[in-house]
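Step one of this worksheet: look at the structure below.
Proteins come first, then strands; the chains are lettered A, B, ... in the order of their sequence lines, and each starts at number 1.
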2 protein chains.
Amino acid sequence: MSALPDLDSLKLLVDVGVLGSLGQAAKAAGIAQPSASKRVAHLERRLGLPLVERTPRGSTLTAEGRMVAGWAAQVLAAAEELMRAVQAVRHGEAAHLRVASSMTVAEYLVPRWLGELQNREPDVPVGLDVVNSADVAARVLAEDVELGFVEGPSVPEGLDSRVVGTDRLVVVVAPGHPWARRRTALRGAELAATPLVVREPGSGTRETLDVAFKGLHQASPRLELGSNAAVKGAAQAGAAPAVLSGYAVEADVATGRLVEVPLAGVNLVRSLRAVWRRGRPLTGPAAILLAIASRP
Amino acid sequence: MSALPDLDSLKLLVDVGVLGSLGQAAKAAGIAQPSASKRVAHLERRLGLPLVERTPRGSTLTAEGRMVAGWAAQVLAAAEELMRAVQAVRHGEAAHLRVASSMTVAEYLVPRWLGELQNREPDVPVGLDVVNSADVAARVLAEDVELGFVEGPSVPEGLDSRVVGTDRLVVVVAPGHPWARRRTALRGAELAATPLVVREPGSGTRETLDVAFKGLHQASPRLELGSNAAVKGAAQAGAAPAVLSGYAVEADVATGRLVEVPLAGVNLVRSLRAVWRRGRPLTGPAAILLAIASRP
DNA sequence: TGCACTCATAGCCCCAGGCTATGGCCTCCC
DNA sequence: GGGAGGCCATAGCCTGGGGCTATGAGTGCA
C-alpha cells in the first residue's frame with residue numbers, strides 16, 4: 001500500500017499549473033511562498049518525478065507535472081463531492097431546501113446535483129436525509145422535506161414523481177472467479193440458484209433482486225451485508241458473486257478490481273424517481289434541483 | 001474553500017467499516033490503536049458528524065459513517081489510480097513492459113487498464129511514456145516500447161492496430177454562458193466561426209478539431225492552452241466555449257461545473273487505437289494489456 | 001542601476017499526530 | 001464468581017513536518 005498523497009499538496013500543484021507561479025499558488029492556498037515551495041519539493045521527492053519547472057519569472061508544470069495534475073484534479077473533484085455531501089447531511093436543521101434520498105441515489109448522484117445547485121444558487125443551504133425508500137415517501141408526505149429521491153417502480157399514493165435516471169443491478173465477481181471469463185450470458189435461474197453476496201433485506205437493492213427472482217428456485221445468500229462497500233469488499237475477496245447497483249461498481253469494473261458478468265433473461269433495471277407531494281408544485285431551489293436532476 | 005479531508009483518515013474510516021473495529025483498522029494502517037482512535041475522533045469533529053458507533057466489543061459505522069465511507073471510497077479509488085499512474089511513469093527504466101500513450105488516453109484510460117493488469121500480474125513493473133501521437137508511433141517502430149495508444153484515425157505505416165475505444169470531442173461552456181441554455185443543436189459552421197478555448201496546435205485534440213472544421217470559415221482561437229486542465233479552467237472562468245475530449249470533462253459536466261452544448265453536423269468522434277509493430281505479435285504482459293484494453 | 005518579480009535557503013517554533021501505559025467496560029469461559 | 005481477552009478512551013510524552021519570517025540570488029524591465 002503505497003502511502004497516499006496529501007490533498008493539499010495536490011491542490012497546490014494544480015494551482016501552480018493554473019496560476020503560473022508558486023507564489024500565486026501559495027497565496028491561493030493561504031500559506032507563505034516558502035511553505036508552498038517546500039511542499040511542492042516534498043511532493044516531487046515522494047512521487048519521484050520532477051513536476052515543476054522553476055524559472056525566475058514563474059513556474060510551469062513539466063510534462064510529468066501536467067499529467068500528475070490531471071490525475072490530481074480527478075482526486076480533488078471526488079474529495080469536493082464528498083465535502084459537499086457531508087455539508088448537506090450536516091445542514092439538515094437550518095436548510096432552506098430539504099431533500100431525502102435512498103442510499104444509492106444519495107451516494108452516487110445527489111452530490112453531483114447538489115454541486116450544480118450550489119453553482120447556480122450558492123447561498124442555499126441544503127439538508128440531506130439518507131433513509132430507505134419507504135421513509136423517503138413518509139418524509140415527503142409529512143412535508144419534512146420538499147423533494148425526495150427513491151429507487152424502484154412503485155410510487156406511493158399522494159406523491160407526484162418524475163423519472164430522473166435508471167439504475168441497473170449488475171453481477172460482479174473477483175477477477176479470479178470462474179465467471180470472470182464467462183462468455184455466455186448468465187441466465188436468471190442459474191443466478192438465483194447461486195449463493196450470492198447481497199445487501200440486507202429491506203434495502204432497495206435487495207428488494208429489486210427478490211422481485212426479479214420471484215418464481216425461480218432461489219438459494220440462500222452466501223453473505224448479507226449492510227453497505228455497498230462491504231458487499232464489494234466481500235466480492236473482491238472472492239467470497240462469491242455479488243449483485244449491486246451499477247453505479248456502485250462502475251469504478252471498480254473500470255479499474256478491473258471487479259468483473260461484470262453478462263446477464264440475460266432477468267430484469268434488474270429499476271428507475272430512479274424524484275418524488276414530491278401531489279398538488280404542491282415545486283418552487284425555488286427545489287424546482288431548480290429537480291430541473292438539474294431531470295437533465296439527461 | 002472548505003479544507004480538504006485527509007486521505008489516511010478516510011482510509012481508516014473505510015477500514016473500520018470493513019474490519020469492524022478501530023484496533024483492527026489501526027493495525028491495517030500500521031499505527032497504534034489510540035492513534036487511530038484519535039484520528040477518527042478528529043475526523044468526526046471536522047466533518048461535524050458522528051461516524052462510528054463504539055461498543056466494548058467492536059465498532060461499526062453509523063448511518064452517516066456508512067455514507068461518508070461510500071464517498072470516501074470514491075476518493076481513495078481516484079487517489080490509487082493516481083499513484084498507479086505515477087508508478088508507471090517513474091518505472092520507465094526498469095520496466096518489463098513499456099507502453100507509450102498520447103495524453104488523453106494516458107490520462108483517463110491507461111491508469112485503469114494498468115490497474116487491472118496489476119491485479120492479474122502483480123509483479124510486472126510497467127513503464128509509461130506520455131508523448132504526442134506521432135512520437136508514440138516512432139517509439140513503437142523503434143521498439144522502444146512494445147505497445148502504444150494513439151488517438152485519431154491515421155495508423156502510421158508499419159504498425160498493426162486495434163480500436164480500443166472512441167472519444168468524442170465536446171463543446172462545453174460555463175453554466176452562466178448563453179449557450180448553456182441553448183436548446184437547438186449548434187451547427188458546425190457557427191462553432192467554427194466562434195473564438196474558442198482550445199488545445200495547442202500539434203495536440204491530437206486540436207488536430208481533430210481542425211480536420212472537422214476543414215472547409216468552414218474558422219475564427220482564430222480565443223485562447224490556446226497546453227493542457228486539458230488549463231482549457232477547462234478557462235472555460236469555467238467563462239472566457240469562451242471550449243472544445244475538449246469527452247473523457248476530460250465527464251466529471252465536470254456531471255457536477256455542473258461545465259455544461260455540454262449539443263452539437264450537430266460536425267464529426268468530432270475519433271477512435272482510440274492500440275498500435276504495435278507489424279508482424280511482431282504481442283506476447284506476455286503486452287498481450288494481456290491489449291486484451292484488457294480491448295474489452296468493451 | 002534600481003525595482004519588481006520570481007524562487008530557494010536558513011533558522012525558528014509549534015502542535016498534530018505518533019507512541020506507551022493505563023483503566024473501564026463487556027463477554028466468554030472456566 | 002472470577003479471571004482472560006477482546007474492545008475503546010484518556011493521559012502524558014516526544015518528535016518532526018510544516019508553518020512562519022528574513023534574506024539572498026537570478027531575471028527582465030524601465
Side-chain angles (χ1 to χ4, degrees), chain A residues 1-62 64-66 68-69 72 79 226 230, chain B residues 1-62 64-66 69 72 226 230:
Chain A
M1 192 59 50
S2 54
L4 295 160
D6 149 37
L7 291 189
D8 291 322
S9 299
L10 294 182
K11 177 97 174 73
L12 206 52
L13 180 70
V14 171
D15 279 351
V16 170
V18 172
L19 300 174
S21 101
L22 281 173
Q24 295 286 320
K27 199 179 298 176
I31 61 177
Q33 168 263 317
S35 306
S37 204
K38 215 200 274 185
R39 273 193 101 111
V40 170
H42 188 58
L43 185 62
E44 288 180 308
R45 273 204 314 279
R46 217 140 78 73
L47 300 187
L49 292 173
L51 301 174
V52 172
E53 179 88 37
R54 287 102 168 147
T55 82
R57 32 177 236 287
S59 295
T60 56
L61 299 183
T62 61
E64 293 92 338
R66 285 195 298 277
V68 173
Chain B
M1 192 58 50
S2 54
L4 295 160
D6 148 39
L7 291 189
D8 292 321
S9 300
L10 295 182
K11 178 96 174 74
L12 207 52
L13 179 71
V14 171
D15 278 351
V16 170
V18 173
L19 300 174
S21 102
L22 282 173
Q24 296 288 320
K27 200 179 298 175
I31 62 178
Q33 169 264 318
S35 306
S37 205
K38 214 200 274 186
R39 273 193 100 113
V40 169
H42 188 58
L43 184 63
E44 287 180 308
R45 273 205 313 280
R46 217 139 76 73
L47 300 186
L49 293 173
L51 301 174
V52 172
E53 179 88 37
R54 287 104 168 144
T55 82
R57 30 179 239 290
S59 294
T60 57
L61 299 183
T62 61
E64 293 92 337
R66 285 195 297 278

Pairs under 3.5 Å (N/O, protein and nucleotides 26-30 of chain D):
| unit_1 | atom_1 | unit_2 | atom_2 | d |
| --- | --- | --- | --- | --- |
| dG26(D) | N2 | Pro56(A) | O | 3.3 |
| dG28(D) | OP1 | Arg57(A) | NH1 | 3.1 |

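Scanning for side chain to side chain contact (heavy atoms under 4.5 Å, CB included) contacts around Ser21(B) gives Gln24(B), with sequence neighbours left out. Taking the side chain to side chain donor-acceptor pair (under 3.5 Å) definition, one finds that Arg39(B) meets it with Asp6(B), Ser9(B), sequence neighbours left out. Remark: Glu64(A) pairs with no residue by the salt bridge (charged side-chain N to carboxylate O under 4.0 Å, His left out) rule, at least two apart or across chains.
Rounded to an integer number of Å, the gap from CG of Asp8(A) to C1' of dG17(D) is 13 Å. Distance CZ (Arg45(A)) to C1' (dG17(D)): 11 Å, rounded to an integer number of Å. In this structure, the CD atom of Glu53(B) is 17 Å from the P atom of dC7(D), given to the nearest Å. One can place NZ of Lys27(A) at 12 Å from C1' of dT6(C), the figure rounded to the nearest angstrom. When rounded to the nearest whole Å, the span between CZ of Arg54(B) and C1' of dC7(D) equals 12 Å.
Neither OP1 nor OP2 of dC25(C) sits under 4.0 Å from any side-chain N or O of Thr55(B).
Atoms CG and CG, on Leu13(A) and Asp8(A) in that order, are 12.5 Å from each other to the nearest 0.5 Å. Separating the NE2 atom in His42(B) from the CG atom in Leu47(B) is a distance of 9.5 Å, to the nearest 0.5 Å.
Listed by first and then second residue, the salt bridge (charged side-chain N to carboxylate O under 4.0 Å, His left out) pairs involving residues 48-62 of chain A are Glu44(A)-Arg54(A) (not counting sequence neighbours).
Put simply, the side chain of Leu61(A) reaches to within 4.5 Å of the side chain of Val52(A), judged on heavy atoms. At a threshold of 4.5 Å between non-hydrogen side-chain atoms, the residues Leu43(A) and Leu10(A) count as touching.
Residue-level contact check: Gln24(A) touches the backbone only, with heavy atoms under 4.0 Å from sugar-phosphate atoms and none from bases.
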Practice problem: Going 5' to 3' through nucleotides 11-19 of chain C, assign each nucleotide B (protein heavy atom under 4.0 Å from a base atom), S (under 4.0 Å only from sugar-phosphate atoms) or - (no protein heavy atom that close). | Solution: ------BBB
